[in-house]
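The structure appears below as structure tokens.
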There are 2 protein chains.
Amino acid sequence: MQEKALELLKLYRLRNTAMRRQVLELFLKAGHKALSSSNLESALEKTDRITLYRTLKTFERNGIIHQAIDGSGVTKYALCHGQCSEHDHMDDHPHFHCKDCGKTICLEGKIQNNVKVPKGFIVQQKHFILEGTCSDCSN
Amino acid sequence: MQEKALELLKLYRLRNTAMRRQVLELFLKAGHKALSSSNLESALEKTDRITLYRTLKTFERNGIIHQAIDGSGVTKYALCHGQCSEHDHMDDHPHFHCKDCGKTICLEGKIQNNVKVPKGFIVQQKHFILEGTCSDCSN
DNA sequence: TTTATAAATGCAACAATGTTGCAAAAATAT
DNA sequence: ATATTTTTGCAACATTGTTGCATTTATAAA
């Protein structure tokens, strides 16, 4: 994990700082699970909220993480597994949000739609959210 | 509009208060456009944020309005045009969110997906968000 | 119409999330 | 080893949302 984190920072030409290393390791550990700022905060030893927010923005700008829109109101991020870039986040996969524990995970699958967008509207991104109860909470 | 608002309050057995009347009129006027708490606040003459939040919750509970999930982080509501109830919000229509002006509107259309949800996960609701630029902002 | 009662309001107080400016510290380049 | 560029950490602030409680208001009952 540590090595992978360092690799990524190097790859994206980002300075190797304690915060970035730790946050990146947490995302690598989380896999397909999305993490909120407060999730990360409680997992970090030394926490400065502001630096954390900036770290997340930096990672997002570089296409390392993407926002996992789940309708919960809190911003969550997950590792980009596909090919994301600064200008194009290819996170067109669906997200599942558990209403009970608040957990959000990235899923796979394709979405088809026949939505008619009004004249003059330009669609740039699509988000598909499945909401319900996860396996941990459904028992 | 005024009459329609009063009708609705009567229909749902909700007390006829100034706040409720005004908020309902704003939603009726907005049609398929979703409104945030702050949108409403600036449109109201006399504003108490807390009462407004409670009014929105009440309307939502009664199936008069539904949350329009748009990934913007702010909670927005739009009139239920279909048949929503306290326990079942049938707002399975997509929402369009304009990244430039922040506007959100309800659209129509069906969504098909082949998403494989992990074992034990129960899907209760689905949300489909189209994000981009609206006609007002695309000029 | 007046009174009783049930519900809604408005206030204080608080919590969570997020942003900006700026000086100090740290990471890289020279 | 030093210079330069970034990043950090702090204060200060803004927005969004919630809860408890006394007061006021809307409706139901007498």
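In what follows, chains are A, B, ... by sequence order, proteins preceding strands, each numbered from 1. Since the structure is predicted, the reported quantities are computational estimates derived from the model, not experimental observations.
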How about Phe96(A) and Phe121(B): are their ring centroids closer than 6.0 Å?
yes
Interatomic distance, Leu52(B) CG vs dT18(D) P [rounded to whole Å]
11 Å
When all nucleic acid strands are considered with a 4.0 Å heavy-atom cut-off, which category describes Ser38(B): base, sugar-phosphate, or nothing?
sugar-phosphate
With sugar-phosphate meaning primed atoms plus P, OP1 and OP2, does Arg54(A) contact a base, only sugar-phosphate, or nothing at under 4.0 Å between heavy atoms?
base
Rounded to the Å, how far apart are Asn16(A) CG and dT5(D) C1'?
16 Å
Residue closer to the 5' end of DNA chain D, Thr47(A) versus Thr58(A) (nearest nucleotide):
Thr58(A)
Any donor-acceptor N/O pair, Ser42(A) side chain to Asn39(A) backbone, under 3.5 Å
yes
Rounded distance in Å - CG (Asp48(B)) to P (dG17(D)):
15 Å
The side chain of Arg15(A) is closest to which nucleotide in this list: dT20(C), dA27(C), dA7(C)?
dA27(C)
Does dG17(D) have OP1 or OP2 under 4.0 Å away from a side-chain N or O of Lys57(B)?
no
According to the interplanar angle, ranging from 0 to 90°, do the rings of Phe27(A) and Tyr77(A) count as parallel (below 30°), tilted (30 to 60°) or perpendicular (above 60°)?
perpendicular
Please figure out whether Lys76(B) or Ala18(B) has its closest DNA chain D nucleotide nearer the 5' end.
Lys76(B)
Whole-Å distance separating the CD1 atom of Ile50(B) from the P atom of dT18(D):
11 Å
Side-chain N or O of Thr17(B) less than 4.0 angstrom from OP1 or OP2 on dT25(D)?
no
dT9(C) C1' sits how many Å from Leu44(B) CG, rounded?
14 Å
So which nucleotide from dT9(C), dT8(D), dT17(C) ends up closest to the side chain of Thr51(A)?
dT8(D)
Whole angstrom value for the distance that separates C1' of dT17(C) from CG of Asn39(A)
13 Å
When you check the phosphate oxygens OP1 and OP2 of dG17(D), does a side-chain N or O of Thr75(B) lie under 4.0 Å from one of them?
yes
Interatomic distance, Lys10(A) NZ vs dA29(C) C1' [rounded to whole Å]:
14 Å
For Leu6(B) and dA26(D), what is the distance between atoms CG and P respectively, to the nearest whole Å?
13 Å
Do the side-chain N or O atoms of Arg49(A) get closer than 4.0 angstrom to the phosphate oxygens (OP1, OP2) of dT17(C)?
no
So Phe128(A) and Phe128(B), would you call those rings parallel, tilted or perpendicular, with 30° and 60° as cut-offs?
perpendicular
Among dT9(C), dT17(C), dG17(D), find the nucleotide with the atom closest to the side chain of Ser37(B).
dG17(D)
Take the angle between the ring planes of His32(A) and His81(A) and call it parallel below 30°, perpendicular above 60°, tilted in between.
parallel
